[in-house]
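Heads up: the structure comes next, in structure tokens.
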Amino acid sequence: MAARPQIREVMASKRISRRRFAGIAAWSTLGLSAPSVASAQAGKSGPNRATFPRGFVWGTATSSYQVEGAVNEDGRGPSIWDRFAHLPGTISDRSTGDTACDHFHRYKEDVRLMKALGTKAYRFSIAWPRVFPDGTGKPNPKGLDFYDRLLDELSAAGIEPYATLYHWDLPQALQDRSGGWTQRETPKAFADYSAYVAKRLSDRVKCFFTINECSRHVHLGHGEGADAPGLKLSRQEQNQVRHHIALGHGLAVQAIRAHARAGTKVGPAENAVSCIPAIETSENIRAAEVATRELNAGYLTVMMEGKYTDAYQASADAPKFTAEDLRIISSPIDFLGVNVYTPDHYVVAASNERGYTLAPFPASFPHMKAGWLKPGPEAIYWVPRHVAKLWKVKSIYITENGTSSSDQPAADGSIYDLDRIMYLRNYLTQLQRATSEGVPLRGYFLWSLMDNFEWGDGFEQRFGLYHVDFETQRRTPKLSAAFYRETIARNAVA
Ligand code: PNW
């Protein structure tokens, strides 16, 4: 937990006590006790080219293993992340999600934090091993109690829940018994779990996301071994895992249709491989669309088109599948959720066989605190525009966007996370550009409400609008929280 000593050092060097730090850095010192008058008026003054559409959904996002803690409470079984985080050498600061943000016990305070931002939506995930500790079989009678309490609290606060069914915390029993997503038992088990949750919670949850970021789960979890379950499979085996996850998504869509209340909506939450025209010429834009379709062939494209692309099928690493699988995978969805952090590729049109070149990133290209997070605000414009155009998607959510920052407290104790504000301002400006052109964006979930367990980076990468002191569990708004609150109040970039 290297982040903690780091903050302690900073505070010591600036001669501020822990108490002063926590006390000072509150809303008032951040210049916003209430949204400004100018912003309130801006929201009312009729159509304005700079505003977001009326009813645009502003929210924040978290996931179960990253915030809940309470890993042994109410009969929860172990997940692959519990096992993985406890192995030596897996987490940079040797931390685990055992306690994380203790959200399991502090959810009431956390809902108040959401309310203070003015958010009207919250995306969280349900921990499968709380509900089915053994992966399948008999549900834990207490498995959904925590989510019942959370949903009631959200409802009292006027915050709409958006529940993700799987954010990588597979029951360890399924990994041990049947090889997790490498085998076809897991998609089937996921459908049964989804059916159970849909039946129980769809009186209050109107929107479900099936699986969060299949591509990272495959790449880092099953290819690099850097995420749970820590496997290093061949490319073909990874594509087979991807196929099984896609199948799990499709079966879950069907399970929700069959077991949830009428009108319940469902879709994926995927970090689509983002392809940005390097220069916005019609040739490059077309090339970036072609690249988007091809580079997402193993997941989003098959989900939307019901078949793998010719090039993907022809590759030596293609998965094995049946025609029935493809029908299930392409079960109609109600919306597409995309997590957009960074441009994956800048695309230039080319007269080669595929029609494009992926420009290599120069070594001098900037990055945020996390080395992988290159700021390319146009990504949040192009990803929704490409998917709307390629697949005639009628409803799109940005299910995650945000950045980590070093987030050191200043002399007055506040966290002036100007780099996060810069990042958000630029991305939201591009998002507004998309909505103003009619790209059917319905909402935006900022990652994240508060600092949390950032997987292999432990507590060393902080993505929150609220700073969390992981020793005391104290939450403190950063300046970016005030920025987001002002943006929501104006329904326009602040
Ligand atoms: C997402 N990349 O992960 C996850 O959905 C969250 O759980 C996570 O905390 C958040 O983003 C911040 O990292 C990603 O390398 C991590 O492109 C890395 C990448 C993409 C997504």
Side-chain angles (χ1 to χ4, degrees), residues 3 59-68 79-81 84-85 91-93 95-97 100-101 103 122-127 162-170 209-228 245 268-276 295-296 299-300 337-346 358 361 365 367-376 379-380 383 397-405 407 419-420 423-424 427 444-466 468 480:
T60 56
T62 64
S63 87
S64 45
Y65 188 69
Q66 292 179 274
V67 300
E68 285 178 2
S79 80
I80 56 174
W81 265 100
F84 185 76
I91 313 297
S92 62
D93 59 2
S95 61
T96 70
C101 305
H103 176 67
Y122 176 51
R123 173 175 176 244
F124 63 97
S125 81
I126 294 167
Y162 287 70
T164 306
L165 289 161
Y166 184 71
H167 201 121
W168 310 342
D169 43 1
L170 187 78
F209 296 108
T210 52
I211 289 166
N212 180 73
E213 290 200 6
C214 166
S215 47
R216 171 163 167 171
H217 197 38
V218 172
H219 177 65
L220 291 188
H222 299 78
E224 302 280 315
D227 276 2
I245 295 178
E270 181 60 4
N271 59 330
V273 177
S274 59
C275 301
I276 320 301
L295 299 180
N296 289 288
Y299 196 66
L300 281 185
V338 280
N339 295 0
V340 182
Y341 285 91
T342 194
D344 292 306
H345 301 289
Y346 283 96
L358 303 177
F361 281 88
F365 201 97
H367 63 79
M368 305 302 291
K369 185 176 186 224
W372 59 267
L373 216 173
K374 301 183 179 79
I380 209 167
V383 170
Y397 286 93
I398 302 297
T399 31
E400 286 179 27
N401 170 247
T403 185
S404 56
S405 159
D407 285 346
D419 53 346
R420 178 175 289 108
Y423 175 98
L424 293 172
Y427 274 71
Y444 170 90
F445 294 89
L446 197 152
W447 185 276
S448 178
L449 173 66
M450 56 189 162
D451 298 336
N452 56 51
F453 178 75
E454 178 56 21
W455 308 114
D457 291 323
F459 297 111
E460 288 179 335
Q461 295 285 346
R462 295 174 169 269
F463 276 79
L465 293 174
Y466 288 90
V468 177
S480 57

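In each ligand, atom 1 is the first atom listed, and ligand 1 is the first ligand listed.
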- request: Report yes or no: do E454 and S404 form a side-chain donor-acceptor pair below 3.5 Å?
  value: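 No.
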
query: Does a donor on one side chain and an acceptor on the other come within less than 3.5 Å for S64 and S125?
result: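 Per modelled atom types, S64 and S125 side chains form a pair under 3.5 Å.
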
Shortest protein heavy-atom distance from [atom], along with the residue and atom involved:
atom                    : value
atom 21 (C) of ligand 1 : E213 OE1, 3.0 Å
atom 4 (C) of ligand 1  : E400 OE1, 3.3 Å
atom 10 (C) of ligand 1 : Y341 OH, 3.2 Å
atom 16 (C) of ligand 1 : R216 NH1, 2.4 Å

So is there a nitrogen or oxygen of [X] less than 3.5 Å from a nitrogen or oxygen in ligand 1?
X    : result
W168 : no
D344 : no
W372 : no
N452 : no
N271 : no
Q66  : yes

Y162-Y397 aromatic ring centre distance below 6.0 Å: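 Distance test on ring centres: under 6.0 Å, yes.
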
- prompt: Would the Y166 and F209 ring centres measure less than 6.0 Å apart?
  reply: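 No; F209 has its ring centre 6.0 Å or more from that of Y166.
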
message: With side chain to side chain contact (heavy atoms under 4.5 Å, CB included) as the test, pick out the partner of N339 among R216, E270, E213.
response: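 Among R216, E270, E213, the one that satisfies the side chain to side chain contact (heavy atoms under 4.5 Å, CB included) with N339 is E213.
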
task: Evaluate the side-chain proximity of M368 to D419: yes if any heavy-atom separation is below 4.5 Å, no if none is.
output: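 When only atoms from C-beta onward are counted, M368 and D419 do touch, with a gap below 4.5 Å.
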
task: Evaluate the side-chain proximity of Y423 to L373: yes if any heavy-atom separation is below 4.5 Å, no if none is.
output: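 Yes - at least one pair of side-chain heavy atoms lies under 4.5 Å apart.
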
message: Need the ligand 1 atom indices (1-based, order shown) with element for anything under 4.0 Å from a heavy-atom of F463.
response: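 Listed by number with element, the hits are 12 (C), 13 (O).
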
task: For N212, take its heavy atoms, then give the atoms of ligand 1 lying under 4.0 Å from any of them.
output: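 Close to N212: 5 (O).
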
- request: Determine the minimum heavy-atom distance between E68 and A127, stating which atoms define it.
  value: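 Answer, listing the atom of E68 first, then A127: OE1-CB, 4.1 Å.
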
message: Taking a cutoff of less than 4.0 Å between a non-hydrogen atom of the residue and any ligand atom, is H167 in contact with ligand 1?
response: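 So H167 counts as touching ligand 1.
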
- request: Go through the steps for Y341 and W372 under the test ring pair (Phe, Tyr, Trp, His ring centres under 6.0 Å), then give the verdict.
  value: CA-CA 10 Å; Y341 285 91; W372 59 267; 5.7 Å; yes

- prompt: Side chain or backbone of E454 under 4.0 Å from ligand 1, or both, or neither, by non-hydrogen atoms?
  reply: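 The answer is the side chain of E454.
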
